[in-house]
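One structure below.
Sequence lines set the chain letters: A, B, ... in the order given, protein chains first and strands last, and positions in each chain run from 1.
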Number of protein chains: 2
Amino acid sequence: MTADVFTVLAEPTRRRILDHLRLGERSVGDLVDTLGVSQPAVSKHLRVLRESGFVTCRTAAQQRIYRIDVRPLRAVDGWLDPYRQLWTRHLDALERHLDSQEQ
Amino acid sequence: MTADVFTVLAEPTRRRILDHLRLGERSVGDLVDTLGVSQPAVSKHLRVLRESGFVTCRTAAQQRIYRIDVRPLRAVDGWLDPYRQLWTRHLDALERHLDSQEQ
DNA sequence: TGTTGATATGCCTTGACAGGCATATGCCTC
DNA sequence: GAGGCATATGCCTGTCAAGGCATATCAACA
C-alpha cells in the first residue's frame with residue numbers, strides 16, 4: 001500500500017494521466033478516451049495514484065471525477081532540493097570562472 | 001538501454017547511491033561498505049546509473065571512481081516545472097483569499 | 001608471469017507489476 | 001425493480017528487474 005512516490009511515477013501511463021489532470025478534473029471515461037488505454041487499465045492506474053496520494057476523487061452521479069493533488073509532487077520537489085544546490089553551485093563556479101576570465 | 005529517468009530513480013538503493021555521490025566522488029568499494037549491499041549488486045546499479053547518465057566514472061588504478069552528473073536530475077526538475085505552477089498558483093489564490101479576509 | 005585486490009558480468013531464481021478479459025458494483029432512469 | 005451506463009475488481013499470463021552466487025576482467029606488484 002501507499003507505494004513509493006518514484007515507483008508510482010515510473011509508469012509512463014500514470015505520468016500521462018497526471019499530465020492530463022494537471023489541466024483540470026477529468027472523469028475516468030475522459031481519460032480512457034484521451035489515452036487510448038483500456039478502461040480497466042486506467043482504473044487500476046487511478047487506484048495506484050489514489051492510494052499514493054497523487055489524486056483524489058469525488059463521485060458525480062455514475063461518474064468519478066479525478067483531481068490532482070500536488071503534495072506527492074512537492075515531495076519529489078523536496079527530494080530534489082539538496083541536489084539542486086549541486087547545479088546552482090556549479091553555476092556559481094562558472095560565473096566566478098567567467099569573471100576571472102574577463103579581468 | 002538508457003532506461004527512463006523515473007524508472008532509474010524508482011529503485012531505493014540507487015537513490016541511496018545518489019545520496020552519497022551527492023557529497024562527492026566515491027569508489028565502488030566505498031559504496032559497498034556504506035550501503036551494506038553486495039558488491040555485484042552495487043556494480044549493477046552503478047551500471048544502470050551510468051547508462052542513464054546519472055553518474056560518470058573514471059579509472060584510478062584498480063578502482064573506479066564514480067561521480068554524479070546532474071543532468072538527468074535537472075530533467076526531473078524540468079518535468080516538475082508545469083506542476084510547480086499548480087501549487088504556486090494555489091498559494092496565490094490563498095494569498096488573495098487572506099487579503100480579502102483582512103479587509 | 002603468477003598472485004592479489006577491485007570491479008564487472010553471467011546465469012538463475014524469485015517477486016512485482018501491467019494488461020487483457022470477464023465480471024462485479026453502484027447509481028440513475030423508466 | 002429491471003435495465004443500462006460508468007467504474008472497479010479478480011483472475012490469469014507474460015515480462016522485466018533485483019539479488020545471490022560464481023566467475024571473468026583488469027590493473028598493480030612481487
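- Atom OG1 of A/T56 is separated from atom CZ of A/R50 by 10.0 Å, given to the nearest 0.5 angstrom.
- In this structure, A/R26 does not pair ionically with A/D33, as no charged nitrogen and carboxylate oxygen lie closer than 4.0 Å.
- Between the CD1 atom of B/I17 and the C1' atom of D/dG19 there is a distance of 13 Å, rounded to whole Å.
- In the set D/dA8, D/dG10, C/dG26, the nucleotide with an atom closest to the side chain of A/Q62 is C/dG26.
- Ranking D/dG20, C/dA22, C/dT7 by closeness to the A/P40 side chain, first place goes to C/dA22.
- Aromatic pair B/Y83/B/W79: centroids less than 6.0 angstrom apart.
- The interatomic distance linking A/Q63 (CD) with D/dA8 (P) rounds to 11 Å, in whole Å.
- Look at B/S38 and you'll find a side-chain N or O under 4.0 angstrom from OP1 or OP2 of D/dG20.
- Taking 4.0 Å as the cut-off between side-chain N and carboxylate O, A/R15 and B/D4 count as a salt-bridged pair.
- In this structure, A/S43 reaches the bases: a heavy-atom distance under 4.0 Å links it to at least one base atom across the strands shown.
- Annotation for A/R67: atom CZ does not count as buried by contact number, only 12 or fewer foreign heavy atoms lying within 6.0 Å.
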Restricting to nitrogen or oxygen on both sides, can you table the protein-nucleotides 15-18 of chain D pairs closer than 3.5 Å?
from, atom 1, to, atom 2, distance (Å)
D/dA18, OP1, B/R14, NH1, 3.1
D/dA18, OP1, B/R14, NH2, 2.6

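- Taking 4.0 Å as the cut-off between side-chain N and carboxylate O, B/D19 and B/R16 do not count as a salt-bridged pair.
- Counting distance only, with no hydrogens placed and no angle test, the side-chain atoms of A/Q39 and the base atoms of D/dA8 include a donor-acceptor pair under 3.5 Å.
- For the pair A/I65 CD1 and D/dA8 C1', the interatomic distance rounds to 15 Å; values are reported in whole Å.
- Under 4.0 angstrom from either OP1 or OP2 of C/dA8 there lies no side-chain N or O belonging to B/R47.
- Phosphate proximity of C/dA8 to B/Y66: present, with a side-chain N or O under 4.0 Å from OP1 or OP2.
- Computed from coordinates, the A/R50 CZ to D/dT7 P distance equals 12 Å when rounded to whole Å.
- Taken from CD in B/E11 to OG1 in A/T7, the straight-line distance is 8.5 Å, to the nearest 0.5 Å.
- Counting any heavy atom pair closer than 4.0 Å across all strands shown, A/S27 reaches sugar-phosphate atoms only and no base atom.
- A residue-by-residue look at A/A61 and A/A41 shows that A/A41 has its nearest nucleotide of DNA chain C further toward the 5' end.
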